[in-house]
Amino acid sequence: MVNNQLTDSIYYIGVDDKDIDLFEGQYIVPNGLSYNSYLIVDEKIAVMDTVDLRKCDEWERNLENALQGRDPDYLVVLHMEPDHAGSIGKFLEKYKTAKVVANARTFQMMPQFFENLNLDGRQVVVGEGDELSLGQHTLSFVLAPMVHWPEVMMVYEKKEKILFSADAFGKFGALDTDEEWDCEARRYYLNIVGKYGVQVQAVLKKVAGLDIQKIYPLHGPVLTENLGYYINKYDIWSSYKPEDEGIFIAYTSIYGNTKNAVEKLKEILERKGAKCVAICDLAREDMAEALEDAFRYDRLVLASPTYDGGVFPYMETFINRLKSKNFQNRKVGFVENGSWAPMAAKVMMNEMASLKNITLIEDKVTIKSAVKSTDMVQLEKLADALLA
């Protein structure tokens with residue numbers, strides 16, 4: 001997307017990355033993702049963030065085309081993560097009179113990524129509420145620590161009423177991907193920012209009084225319509241409230257017997273009128289998407305065979321992820337399997353009991369090896385408790 005003019009004076013100069021296999025070394029991105037960068041052309045010219053070094057050449061061409069022979073006055077750095085700040089060094093080498101606008105924490109962090117970076121006379125240090133005039137456009141700075149790094153800030157452009165939101169309101173997927181915003185934005189938020197709900201809530205309160213007409217994130221499409229919808233989603237996610245009524249069943253299975261149990265539980269729940277029941281094989285499906293669904297629905301079932309006196313490794317990983325992202329405010333049921341000493345439910349219940357506002361369903365289901373007709377009573381009781 002070269003020279004894409006968003007408004008009379010603002011250009012999109014970012015790039016799509018369709019070659020990447022894992023984002024942040026762990027998240028699958030089947031439709032790639034975008035590294036967003038913007039150019040504000042006024043009496044002074046400001047570049048809003050760079051891109052990952054792997055796409056620097058394409059970004060530099062986009063920037064040069066949009067500049068039309070002028071030189072930038074400022075590089076505004078909202079976030080130091082390498083997917084956005086990776087090309088700072090090359091930018092400063094090329095545009096030797098440009099100054100860097102960032103907060104004090106960002107300038108402390110910058111030398112960690114760029115050895116021998118000389119910023120003498122090129123630093124413009126800003127803090128909460130500071131403003132920078134470009135002419136007709138005025139940038140107002142909003143600090144957003146731990147959303148999701150400590151140096152993050154956002155910028156509100158007062159003339160066109162734009163919130164440059166850093167990683168907030170971003171999503172996976174290249175810009176030419178034809179898909180709904182919600183799913184990949186939810187997966188992005190809950191896995192990357194999800195731990196920091198308190199901090200996100202604080203920033204939402206900061207910007208609540210601003211007249212925001214557009215949101216320009218660092219990943220994904222610019223948002224220009226129905227902004228209340230997107231802001232409401234962020235309020236739900238960051239306050240750890242369920243988004244939808246439904247039951248998510250996450251399971252692991254060695255020989256298929258635990259899988260059989262949760263499939264029967266799903267049938268029972270649907271027969272009893274459950275609105276939505278989703279199941280996930282943690283060994284075969286995207287763990288990040290499983291975490292997304294656990295946060296999306298208001299009830300969760302964990303099902304695992306006993307393994308080495310504990311739970312199956314994929315379930316252990318999933319529970320650790322739930323804990324690390326501050327999973328809370330849910331009702332949770334348990335299914336265990338064991339051929340001689342079933343222990344999985346006890347282990348899972350102990351882990352989940354340490355989380356905030358978790359209602360544990362005490363009537364666990366214990367399968368001895370394979371599901372038998374006598375086990376259906378337990379599954380019925382668990383279904384009733386989930387639907388109560």
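All of these numbers come straight from a predicted model, not from anything done at the bench.
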Run the side-chain contact (heavy atoms from CB on, under 4.5 Å) check on Ile40 and Leu139 step by step: do they pass?
CA-CA 10 Å; Ile40 304 175; Leu139 306 183; 3.9 Å; yes
Step-by-step side-chain contact (heavy atoms from CB on, under 4.5 Å) determination, Arg187 to Asp286
CA-CA 10 Å; Arg187 186 166 72 98; Asp286 176 22; 3.1 Å; yes
Salt bridge (Lys or Arg N to Asp or Glu O under 4.0 Å) evaluation trace for Lys55 with Asp19
CA-CA 10 Å; Lys55 292 294 181 178; Asp19 304 317; 3.0 Å; yes
Got a donor-acceptor contact below 3.5 angstrom from the Tyr27 side chain to the Phe172 backbone?
no
Distance-only side-chain donor-acceptor flag, Thr317 / Asn320, under 3.5 Å
no
Any side-chain heavy atom of Val147 sitting closer than 4.5 Å to one from Tyr196?
no
How are the rings of Tyr12 and Tyr38 set to each other: parallel, tilted or perpendicular (split at 30° and 60°)?
perpendicular
Regarding Thr177 and Glu184, is there a side-chain donor-to-acceptor distance under 3.5 Å anywhere?
no
Does either side chain, that of Ser369 or that of Ser339, offer a donor lying less than 3.5 Å from an acceptor on the other one?
yes
Please test Ile319 against Leu302 for side-chain contact (heavy atoms from CB on, under 4.5 Å), starting from the C-alpha separation and ending with a verdict.
CA-CA 9 Å; Ile319 291 174; Leu302 300 177; 4.1 Å; yes
Can you run down the salt bridge (charged side-chain N to carboxylate O under 4.0 Å, His left out) pairs that involve residues 131-149, sequence neighbours left out, and say none if there aren't any?
Glu131-Lys158
Validation row: Cys280, Asp293 side chains within 4.5 angstrom (heavy atoms)
no
Go through the steps to decide whether Glu157 and Lys214 satisfy the test salt bridge (Lys or Arg N to Asp or Glu O under 4.0 Å), and finish with yes or no.
CA-CA 10 Å; Glu157 197 291 298; Lys214 302 169 187 175; over 6 Å; no
Whether Thr306 side chain and Met343 backbone form a donor-acceptor pair below 3.5 Å:
yes
Starting from the C-alpha separation in whole Å, work towards a yes-or-no answer on salt bridge (Lys or Arg N to Asp or Glu O under 4.0 Å) for Glu270 and Lys266.
CA-CA 6 Å; Glu270 291 175 338; Lys266 183 177 188 291; 2.6 Å; yes
Looking only at side-chain N and O atoms, does Ser37 offer a donor or acceptor that is under 3.5 Å from a partner on Trp59?
yes
Taking OH in Tyr255 as the centre, count heavy atoms belonging to other residues, nucleotides or ligands within less than 6.0 Å. Is the count above 12?
no
Main-chain N/O of Ala370 paired with Lys372 side-chain donor or acceptor, under 3.5 Å:
yes
Below 30° counts as parallel, above 60° as perpendicular, anything between as tilted: where do the rings of His79 and His148 land?
perpendicular
In Å, rounded to the nearest 0.5 Å, how long is the span from CD1 of Ile249 to CG of Leu265?
4.5 Å
Which residue in the set Val332, Leu300, Leu386 passes side-chain contact (heavy atoms from CB on, under 4.5 Å) when paired with Ile361?
Leu386
Please walk me through it: do Ile254 and Phe312 pass side-chain contact (heavy atoms from CB on, under 4.5 Å)?
CA-CA 8 Å; Ile254 302 174; Phe312 204 59; 3.6 Å; yes
So, Arg296 side chain and Asp244 main chain: donor-acceptor pair closer than 3.5 Å or not?
no
Give a yes or no on whether a salt bridge exists between Lys18 and Asp176, defined as a side-chain N under 4.0 angstrom from a carboxylate O.
yes
Is any side-chain N of the basic residue among Asp281 and Lys259 closer than 4.0 Å to the acidic one's carboxylate O?
no
Same cluster for Val125 and Leu117 if Ile/Leu/Val/Met/Phe/Trp/Tyr side chains link at under 4.5 Å?
yes
Please determine whether a side-chain nitrogen of the Lys or Arg among Lys241 and Asp235 lies less than 4.0 Å from a carboxylate oxygen of the Asp or Glu.
yes
Is a side-chain donor-acceptor pair under 3.5 Å present for Asn36 with Tyr216?
no
Between Arg271 and Glu380, does at least one N-O distance fall below 4.0 Å, as a salt bridge requires?
yes
Identified ring-ring contact (aromatic ring centres under 6.0 Å, His included) counterpart of Phe169 within the set Tyr189, Tyr234, Tyr188, Tyr230:
Tyr234
